[in-house]
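Worksheet: the structure to be examined is printed underneath.
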Number of protein chains: 2
Amino acid sequence: MNDTTAQAINSASPHSDNQGVGRMRRQSSAADGQRRATVTDVARLAGVSTATVSRVLNRNYPVATATRERVEEAMRELGYVVNAHARALAGVSGRTVGIIVSEVIDPFYAYIARGVEREAALGDRLCLVCCTQGDPQRELAFIELMHERRADAVIVVGGSFADRSYTTELARRARELDAGGSKLVLCGRPPLDEPAPTASVEYDNEGGAFAITDHLLAQGHERILYLGGPPALSTTRERLAGHRRALELRGIARDPELEQLGSFSRAFGRRRMAELLKEGPEFTAVFAANDIVAAGAAQALEEAGVRVPQDMSLVGYDDIPVAQELRPRLTTVHIPLEEMGRQAVRLAVSGGDEDDWREQTTGAVRLGTHIVVRDSVAAPSKHARRV
Amino acid sequence: MNDTTAQAINSASPHSDNQGVGRMRRQSSAADGQRRATVTDVARLAGVSTATVSRVLNRNYPVATATRERVEEAMRELGYVVNAHARALAGVSGRTVGIIVSEVIDPFYAYIARGVEREAALGDRLCLVCCTQGDPQRELAFIELMHERRADAVIVVGGSFADRSYTTELARRARELDAGGSKLVLCGRPPLDEPAPTASVEYDNEGGAFAITDHLLAQGHERILYLGGPPALSTTRERLAGHRRALELRGIARDPELEQLGSFSRAFGRRRMAELLKEGPEFTAVFAANDIVAAGAAQALEEAGVRVPQDMSLVGYDDIPVAQELRPRLTTVHIPLEEMGRQAVRLAVSGGDEDDWREQTTGAVRLGTHIVVRDSVAAPSKHARRV
DNA sequence: CCATCCATAGAACGCGTTTACTGTCCGGAG
DNA sequence: CTCCGGACAGTAAACGCGTTCTATGGATGG
């Protein structure tokens with residue numbers, strides 16, 4: 001389809017008359033857009049050369065005021081808009097950064113995307129956003145597409161899958177990107193095991209999980225259900241690791257039955273919670289893998305008539321807005337999401353400026369997390385809930 | 001800043017040695033990216049011409065299988081990635097659509113963005129996303145930036161301001177864009193009063209407001225507070241218009257005190273609601289300008305000990321996820337947000353295919369809205385709430 | 001053996017940017 | 001009152017990289 005379109009559009013133009021700058025085209029179809037004005041047109045109208053027009057455009061070289069004004073007037077008159085493609089082709093940065101998330105409507109990603117967008121805007125850059133819907137293949141494809149567009153940075157956000165061939169492929173892309181002067185930034189995911197020229201922005205995922213589990217333990221909970229999160233995702237693994245470490249440190253044996261992984265969806269949280277309430281192991285607190293799952297669990301709890309926090313404590317992770325909307329308000333782990341997005345851009349973009357000492361190609365920052373105590377946690381009730 | 005950066009990057013590369021294809025560059029800095037492979041390189045390595053390589057790339061012309069394989073092998077070996085800029089410059093569509101919203105983390109916009117992104121992806125297009133944070137100037141600037149990048153479509157989303165000079169400027173941009181073969185799409189906002197080549201996707205905003213107000217009236221409410229929404233925004237005006245029409249139709253006089261406009265924020269909803277509860281007019285129901293404002297109002301109500309829906313009915317608008325998270329679950333107006341995004345892309349992109357009958361340049365679709373009844377509305381309590 | 005069709009090559013083109021270079025005009029030196 | 005160095009303005013032309021039109025060599029078919 002690309003082809004046919006492109007052909008149809010182009011085959012109709014270049015034929016006879018080579019040097020005429022396009023007189024003929026103009027009178028073709030009625031409402032049809034007459035050829036876009038070019039630097040040459042502006043130059044001609046202003047009575048200067050194209051180089052001068054370019055200088056006016058870029059203000060990077062002194063141009064007499066009178067000349068500048070004449071050129072600007074000509075641009076206005078012709079409705080001239082520079083062609084970013086031509087400019088990029090000539091070697092100027094395309095001023096674009098790409099961000100790849102799994103889902104834009106998920107607040108976790110949306111906040112990071114906001115940080116990326118804002119930071120990008122500060123540097124007069126535009127932001128290419130893609131959603132993989134959780135498909136690693138699509139992620140790879142998008143990286144390729146962004147590479148084709150010569151994005152200054154390609155930021156992949158969110159947990160990654162522990163799939164060898166995928167990792168290898170990603171490393172390859174990172175090298176290709178780097179060879180072209182772009183940078184692959186891993187945001188909210190662990191670095192590649194294979195060495196590759198990437199930058200990375202992480203948050204203390206394990207630490208946050210440790211802290212909030214410990215918060216639960218400090219209240220006296222000993223049977224804590226860990227609920228949700230795709231098992232193969234790095235995000236899940238890290239959170240679970242922090243959770244386990246906290247248990248271990250207090251000398252509490254780990255019960256596999258209390259680790260109910262699954263997905264990050266609200267539906268999962270609700271369904272599995274309901275099931276476990278009916279016929280699951282005993283527990284007095286729930287550590288939902290993220291706030292969305294917590295929202296689902298909260299609903300199941302409500303429907304089952306289990307009061308939070310009196311009968312059951314509940315915590316989440318991410319501290320997205322829904323955490324404050326739930327009743328009781330959810331105790332959770334805060335992640336500086338927007339800041340992560342900003343850092344991701346800074347890392348990639350500043351790195352691009354000083355191309356002398358490329359040694360620091362592999363920048364990395366790690367941001368802290370902290371728990372936010374609200375109303376969803378209390379000490380376990382005297383008589384442990386019996387199913 | 002734009003300029004200095006661009007200069008710094010470029011002034012350092014092209015110097016002596018003009019025809020050598022870059023021998024020198026290679027040995028410059030250690031990790032430095034050696035010049036990217038080009039079609040010419042691939043052609044040379046595969047022993048064919050650049051035309052053939054291009055054909056292999058675009059599969060738009062028969063190429064002998066053996067040749068194709070040789071070319072593909074060469075591309076792989078060199079880590080070749082086409083340059084989208086060069087390609088776009090040569091006349092092929094850049095396969096990019098732009099969307100401009102005021103805020104990505106706002107679910108209203110996020111859902112539309114998702115629709116745009118998905119539909120764009122179906123056509124192998126990438127999506128440029130920008131946030132104006134409500135600033136019309138920034139909106140104009142982003143349109144310009146997208147125009148420079150020759151986006152197939154530029155979709156501006158959300159209510160617009162009733163500012164004459166802004167509208168004029170927008171119309172001008174629409175014409176420039178159209179002249180270049182792109183399209184400006186107005187999504188979720190009324191068409192420009194000034195004639196301009198735009199496409200538009202609307203939703204029945206007035207009708208939704210009418211319906212939900214009527215729903216309240218049918219329950220017996222007569223004193224309904226309309227809360228929130230920027231007065232100058234078209235979205236607010238339309239919703240208010242629907243609200244008023246419903247009142248009128250039931251013969252209920254309009255009370256200016258019951259129209260408390262402001263903003264679309266949660267903070268506004270909460271603050272103003274609290275104020276009105278303390279010292280405002282009498283009313284038995286609240287029509288929040290959108291769900292976010294409703295969430296704020298719900299909190300104020302909760303804090304004031306006013307029960308919903310027993311003591312006070314509450315409805316919102318947009319039907320974003322928070323509506324289902326509130327307790328009681330919020331009765332609201334559903335908008336097919338994602339579908340709007342999809343339609344916006346379709347309108348702009350299909351329109352671009354058949355450039356023969358440009359008459360239909362100004363496409364427009366209007367999607368329906370409907371109310372979603374949940375638990376936040378009840379008949380007014382016998383004894384009207386007295387402050 | 002010529003008419004065709006196919007695969008491929010050569011070259012023009014699209015549009016800014018930038019370098020190398022020319023022509024001007026200034027002030028100060030001689 | 002010239003003459004020279006240098007700051008300034010501005011220009012022609014090369015360049016970046018795919019795409020596609022036109023042309024050509026060769027093979028197949030009649």
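So you know, we letter chains A, B, ... as the sequences are listed, proteins then strands, and number each from 1.
Contact annotation: B/Asn58 does not reach the phosphate of D/dG18 (side-chain N/O to OP1 or OP2, under 4.0 Å). In this model, the phosphate group of C/dA9 is approached by a side-chain N or O of B/Thr52 to a distance below 4.0 Å at OP1 or OP2. Contact annotation: A/Thr67 reaches the phosphate of D/dG10 (side-chain N/O to OP1 or OP2, under 4.0 Å). Phosphate contact (OP1/OP2 of C/dT18, side-chain N/O of A/Asn60, threshold under 4.0 Å): present.
When heavy atoms are screened at a 4.0 angstrom cut-off, A/Ala51 is found touching base atoms of the nucleic acid. Contact annotation for B/Ser54: base contact, defined as any heavy-atom pair under 4.0 Å involving a base atom.
Among residues two or more places apart in sequence or in another chain, the side-chain contact (heavy atoms from CB on, under 4.5 Å) test is passed with B/Ala171 by B/Arg175, B/Leu192, B/Glu194, B/Ala196. In this view, B/Ala120 and B/Val97, B/Arg125 satisfy the side-chain contact (heavy atoms from CB on, under 4.5 Å) rule, not counting sequence neighbours. Applying the side-chain contact (heavy atoms from CB on, under 4.5 Å) test to A/Ala84 and every residue at least two apart in sequence or in another chain returns B/Glu148, B/Arg149. Residues meeting the salt bridge (Lys or Arg N to Asp or Glu O under 4.0 Å) test with B/Glu169, sequence neighbours left out: B/Arg172, B/Arg173. Partners of B/Leu89 under the side-chain contact (heavy atoms from CB on, under 4.5 Å) rule, at least two apart in sequence or in another chain, are A/Asn83, A/Ala86, A/Leu89.
Remark: the A/Arg55 side chain and the C/dT18 base include no donor-acceptor N/O pair separated by less than 3.5 Å.
Per the geometry, NE2 belonging to B/His147 stands 12 Å off P belonging to C/dC15, to the nearest Å. Atom CG of B/Asp41 and atom C1' of D/dG16 are 12 Å apart (whole Å).
Within residues 76-84 of chain A, the residues approached by DNA chain C to less than 4.0 Å at the level of any non-hydrogen atom are A/Tyr80, A/Asn83, in residue-number order.
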